[in-house]
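Heads up, the thing below is written out as structure tokens.
First the proteins, then the strands, lettered A, B, ... as listed; each starts at 1. As the structure is a prediction and not an experimental result, all values here were calculated from the model.
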There are 2 protein chains.
Amino acid sequence: MAPTGRDFVITSGQQRLTRQESRGRTRARLLEASAAVFSERGFYGASVEEIAERAGFSKGAFYSNFESKDDLFLALLDDRIDADLRALEVLAEDSSVPAFLEFVATRASRRGDYGEQWALLSAEFWLHAVRNPELANKLAARQQAGRAALARVIEGLCAQMGRKAPERAEDLASVILAVDDGLVLQEALNPNAVPGDLRLRALLLFVQAISAGHADAE
Amino acid sequence: MAPTGRDFVITSGQQRLTRQESRGRTRARLLEASAAVFSERGFYGASVEEIAERAGFSKGAFYSNFESKDDLFLALLDDRIDADLRALEVLAEDSSVPAFLEFVATRASRRGDYGEQWALLSAEFWLHAVRNPELANKLAARQQAGRAALARVIEGLCAQMGRKAPERAEDLASVILAVDDGLVLQEALNPNAVPGDLRLRALLLFVQAISAGHADAE
DNA sequence: GTCTATATAAAGATAGAC
DNA sequence: GTCTATCTTTATATAGAC
């Protein structure tokens, strides 16, 4: 279910790999190339052919490493989610408001070279998955993991501030993620429409709500 | 620049139209059919052919009434936006917290038969437009109108509560719209992941922020 | 304005040779 | 595993008859 890719060196790649031989090598290169092509063209705009070419392979090679374009994207998604989850776990253990704000502020850059495009791309795939029940299940499971991890951070934050956590920290996590996703979309369409610091200011609103004991918004 | 469509009756349509003859008639039927097909298949999944067939016409007829699929969608969008703007103007004049909450709660149903799908569809087109500068400009202008209208509602709300309005009510409007968009996406992927009343609860959070005088989140 | 027929193009995916 | 070549499908859009 969870394709890897993170066991392999994804750098320029003159060096000999000690394990997994060339199988993972090609796969890793395709993943790497797909990140670039996806970020340039979007999910629908990116063709398997261009991804394969960019990686220096043919379509045939692509299809012997991935079932489909969807499958490829899920593999890419897993890499990003794993990174996010690890960061959230660290954050949950050592919770503080400044650390939390910094986490959010630096999310894009932490996501690698194409981090700025990632939220957009992710939304595109999200909407694509909505029309495809199988994909929707797979994606929903991954999102639930992210939501739960963020909820744990919120609980840690509450504890650190001496506040009782909201009954359903996951709901607050949902709202925070929603603000982030929504504002990213607005910025993408028109960067002038939204001040760059609005995401952080909105977040502060939630922190204030937590510290005021109104975290459950009721 | 702004295609119409709103001068014509879009209901079942047995009645005789008094003006614009049959030209608008076909156009209106295509618009009507497109709303159904778009909501079933999404923006990318909907083909011009199916839309034309559903309306009882051929592709040729379609292309003599619309420049392209993008053009069609923009026309549809304008209808919805006009409706939203009118509702917001009414709300701005007679502001009250209950009226505001009701406005948000009933937004989907107010949007017609396919209202539930509209937010999803709109997001899909949004992401499509991001990759196309011309479209992006057109869509951004429409969004800005919506944002400004909501900002006026917020200002009315502040006045009615005896609070000074935030310096940039539009920013608060952006955040509110972002929450709404983001939560709709989460619900669409997995209805179980998000309680149905979360959008309203999140909204209450902002109302509380306004009434506490922290509307500018600073 | 509308229709049928078609041009054009590009996509995802597969077959079979190496 | 990888390549070349191809299958198959489907899309947007147009041409020309009526």
Side-chain angles (χ1 to χ4, degrees), chain A residues 3-5 8 13 16-17 19-34 37-38 40-76 124-125 128-129 131-132 134-135, chain B residues 3-5 8 13 16-17 19-34 37-38 40-76 124-125 128-129 131-132 134-135:
Chain A
T4 59
F8 312 115
R16 187 184 308 279
L17 296 177
R19 54 176 174 172
Q20 301 291 23
E21 307 300 333
S22 60
R23 184 184 189 287
R25 180 86 178 274
T26 300
R27 191 184 162 93
R29 280 210 216 156
L30 285 167
L31 273 173
E32 184 184 15
S34 77
V37 177
F38 277 136
E40 282 173 27
R41 311 234 188 260
F43 180 74
Y44 289 103
S47 70
V48 169
E49 185 162 23
E50 182 172 1
I51 291 169
E53 275 174 8
R54 186 89 57 112
F57 294 98
S58 64
K59 279 194 288 185
F62 176 92
Y63 281 103
S64 79
N65 279 277
F66 296 96
E67 279 185 8
S68 62
K69 194 162 90 164
D70 285 350
D71 182 41
L72 165 70
F73 193 89
L74 279 176
L76 197 59
E124 213 176 340
F125 188 71
H128 171 63
R131 312 268 174 195
N132 182 332
E134 271 189 42
L135 263 188
Chain B
T4 58
F8 313 113
R16 187 183 309 280
L17 297 177
R19 54 176 174 174
Q20 301 290 19
E21 306 300 333
S22 61
R23 181 181 191 288
R25 181 86 178 276
T26 301
R27 191 184 161 94
R29 280 209 216 156
L30 285 166
L31 272 172
E32 185 184 13
S34 77
V37 177
F38 277 137
E40 283 173 26
R41 311 232 188 262
F43 179 74
Y44 288 103
S47 71
V48 168
E49 184 161 23
E50 182 171 2
I51 290 169
E53 273 173 9
R54 184 90 57 116
F57 294 97
S58 64
K59 280 192 290 184
F62 176 91
Y63 281 104
S64 79
N65 279 276
F66 296 96
E67 279 186 8
S68 63
K69 193 162 90 165
D70 285 349
D71 182 39
L72 165 70
F73 193 90
L74 279 176
L76 197 59
E124 214 176 338
F125 188 70
H128 171 64
R131 312 268 174 196
N132 181 332
E134 272 190 41
L135 264 189

> Between atom CG in Leu30(A) and atom P in dG1(D), what is the gap in whole Å?
Replying inline: 12 Å
>> From C-beta outward on Ser58(A), which listed nucleotide comes closest to its side chain: dT4(D), dG1(C), dC3(C)?
In response: dT4(D)
> Can you list the residues that meet the ring pair (Phe, Tyr, Trp, His ring centres under 6.0 Å) rule with Tyr63(B), with sequence neighbours excluded?
Replying inline: none
> Can you name the residues that form a side chain to side chain contact (heavy atoms under 4.5 Å, CB included) with Ser58(B), not counting sequence neighbours?
Replying inline: Ala61(B)
> Which salt bridge (charged side-chain N to carboxylate O under 4.0 Å, His left out) pairs, counting each pair once, include a residue from residues 54-66 of chain B, with sequence neighbours left out?
Replying inline: Glu40(B)-Arg54(B), Glu50(B)-Arg54(B)
> Does Phe62(A) have any ring pair (Phe, Tyr, Trp, His ring centres under 6.0 Å) partners at least two apart in sequence or in another chain, and if so, which?
Replying inline: Phe66(A)
>> I'd like to check the ring pair (Phe, Tyr, Trp, His ring centres under 6.0 Å) partners of Phe57(B); sequence neighbours left out, ordered by chain and number.
In response: none
>> Apply side chain to side chain contact (heavy atoms under 4.5 Å, CB included) to residues Phe73(B) and Leu135(B) and explain how you reach the verdict.
In response: CA-CA 11 Å; Phe73(B) 193 90; Leu135(B) 264 189; over 6 Å; no
>> One character per nucleotide, please: for nucleotides 10-16 of chain D, 5' to 3', B when the base has a protein heavy atom closer than 4.0 Å, S when only the sugar-phosphate does, - otherwise.
In response: -SBBB--
> Could you state the CZ-P distance from Phe43(A) to dA11(C), rounded to the nearest angstrom?
Replying inline: 14 Å
>> Quick check on dG1(C): is either OP1 or OP2 less than 4.0 Å from any side-chain nitrogen or oxygen of Thr26(B)?
In response: no
> dT2(D) C1' sits how many Å from Glu53(A) CD, rounded?
Replying inline: 15 Å
